[in-house]
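Scroll down for the structure; my scribbles are underneath it.
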Amino acid sequence: MIHETAAVEASADIASEVEIGAYVSIGDDAVVATGAILDAGARIGTGVIVGPSAKIGANSVIAGGSSESRPTRVAEHAEIGAAAVVGPGVHIGHHAVVAPGTTVGSDVPPYAHVQGDSGRIVGYAGENSASLLSRARPQDFDSSALDAVSADGVRLVRAAVAEDLRGSLVAYEHDEQLPYRAARAYLVFDVHGNQARAEHAHRECHETLVCAAGSLDVLVDTGSARAQVRLQNPAVGLYLPPMTWRVIVNHSPGAVLMVLSSLPYDPDDYIRDYPTWEAMVSKT
């Protein structure tokens, strides 16, 4: 059943026994499989695949197609697996993959793969995955898996560890570890494990990410290559030059991220829309 107010492009492939609610929009070449339910107000982008019996959550739709709440969006070329559930107001990034049977209650970044009852991010499409395991000494790390993005300036930085009977100390300094002078430092903590942070790039700002406690994964995209890097040693940071897109996921309980920035906070330095950033880096 397709509601009379739904907008479905002619090239979309809509199977039988689907329910498409009021003011739903479905883009070119989208596929909606048998038994899928697209509740009122959902926005389905170009080339999206919605699997059998999947459900895209409702919005509070009022007359004329406007919404009182954040619309549920599935961006272009994302895939929603069979019997998966996308909650109300959730945004699924482009080329993201929601595994069959997964329940998603929070936003999924572009290219991310999620699965399970909590919609946990388990991978990144097209990634070269680097598992940087905690070792006794930072020099034991092998950064060869970062080759895909290191050509664009992304790299690990290592700090010396001063140890004695009282404990350990790690310091990051200009010229020694940081190729810039840090003008700002901030901490990110108390992040639930299935939440994504960052999801932006900077126009001019250089940053180094250090996991001061626990562990987390950084999804790095330079426009020409992508990598997933696990950080869990405070003596090893990840340097990100300007125009590097990053998403931070899979925070362990008690994880603390320290960020060393070359510039004070400036909202105009942020690029928060992935397609906009992608168009910018493709011109460089």
Side-chain angles (χ1 to χ4, degrees), residues 109 124 127-135 137-162 168-191 196-252 254-272 277 281 284:
Y124 197 46
E127 72 192 18
N128 289 282
S129 182
S131 179
L132 306 178
L133 303 178
S134 180
R135 307 287 182 85
R137 293 287 185 272
Q139 59 264 32
D140 290 335
F141 281 78
D142 177 7
S143 63
S144 61
L146 287 172
D147 288 348
V149 290
S150 63
D152 297 308
V154 176
R155 60 183 176 85
L156 294 176
V157 294
R158 298 172 175 82
V161 180
S168 301
L169 182 148
V170 173
Y172 287 84
E173 299 184 4
H174 173 58
D175 287 338
E176 293 296 324
Q177 290 83 29
L178 307 180
Y180 57 90
R181 292 191 180 276
R184 178 175 179 246
Y186 61 93
L187 302 177
V188 180
F189 55 96
D190 285 346
V191 181
R197 296 282 309 195
E199 298 186 69
H200 63 258
H202 288 284
R203 300 173 188 273
E204 302 292 340
C205 186
H206 300 251
E207 289 193 328
T208 298
L209 312 184
V210 180
C211 189
S215 65
L216 51 83
D217 290 343
V218 185
L219 311 180
V220 181
D221 192 337
T222 65
S224 60
R226 295 188 293 273
Q228 178 170 336
V229 180
R230 169 153 292 187
L231 296 177
Q232 55 185 27
N233 184 330
V236 178
L238 181 65
Y239 166 67
L240 303 177
M243 296 303 292
T244 303
W245 188 269
R246 81 292 308 273
V247 182
I248 304 170
V249 297
N250 297 336
H251 298 75
S252 69
V256 178
L257 173 69
M258 179 177 69
V259 182
L260 303 171
S261 299
S262 66
L263 298 173
Y265 174 72
D266 178 3
D268 292 335
D269 190 59
Y270 285 73
I271 306 168
R272 299 188 183 276
W277 167 83
V281 295
T284 60

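Computed from heavy atoms alone, side chains included, the values below leave out hydrogens, waters and symmetry copies.
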Using the side-chain hydrogen bond (donor to acceptor under 3.5 Å, both in side chains) rule, take S261 and Y186 through it: C-alpha gap first, then chi angles, then the decisive distance, then the call.
CA-CA 8 Å; S261 299; Y186 61 93; 4.7 Å; no
Verify side chain to side chain contact (heavy atoms under 4.5 Å, CB included) between L260 and Y180, making sure each step is shown before the conclusion.
CA-CA 10 Å; L260 303 171; Y180 57 90; 3.9 Å; yes
V157 and R155: side chain to side chain contact (heavy atoms under 4.5 Å, CB included), yes or no, with the steps?
CA-CA 7 Å; V157 294; R155 60 183 176 85; 3.2 Å; yes
Steps toward side chain to side chain contact (heavy atoms under 4.5 Å, CB included) verdict (Q228, N250):
CA-CA 11 Å; Q228 178 170 336; N250 297 336; 4.2 Å; yes
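Separation of atoms CG (L238) and OG1 (T208) is listed at 8.0 Å; rounding is to 0.5 Å. Separation of atoms CD (Q232) and CG (D217) is listed at 8.5 Å; rounding is to 0.5 Å. Rounded to the nearest 0.5 angstrom, M243 CE and D221 CG are separated by 11.0 Å. T244 OG1 to H200 NE2: the interatomic distance, rounded to the nearest 0.5 Å, is 10.5 Å.
Checking side-chain atoms of D269 against main-chain N and O of H202 turns up no donor-acceptor pair under 3.5 Å. Here the side chain of S252 pairs a donor or acceptor atom with the backbone of S215 at under 3.5 angstrom. When atom types are taken as modelled, the side chain of W277 and the backbone of R272 share no donor-acceptor pair closer than 3.5 angstrom. R158 places no side-chain N or O within 3.5 Å of a backbone atom of G237 that could act as its donor or acceptor partner. Within the 3.5 Å criterion, the main-chain N or O of L219 finds no donor-acceptor partner in the side chain of R226.
At a threshold of 4.5 Å between non-hydrogen side-chain atoms, the residues P241 and V154 count as touching.
The environment of R184 atom CZ is dense: over 12 non-hydrogen atoms of other residues, nucleotides or ligands sit within 6.0 angstrom. Atom CZ of F189 has 12 or fewer neighbouring heavy atoms from other residues, nucleotides or ligands inside a 6.0 Å radius.
Between P242 and R203, the shortest heavy-atom distance links the atoms CB-O, 3.4 Å. Between V170 and P234, the shortest heavy-atom distance links the atoms CG1-O, 3.6 Å. Among all heavy-atom pairs drawn from A201 and W245, the shortest one is N-CE3, 3.7 Å. When every heavy atom of S224 is checked against every heavy atom of D152, the shortest pair comes out as OG-OD2, 2.6 Å. Here the closest heavy-atom approach between residue A183 and residue S262 is recorded as CB-O, 3.4 Å.
Of the candidates L187, L216, V191, V210, L257 forms a side chain to side chain contact (heavy atoms under 4.5 Å, CB included) with just one, namely L216.
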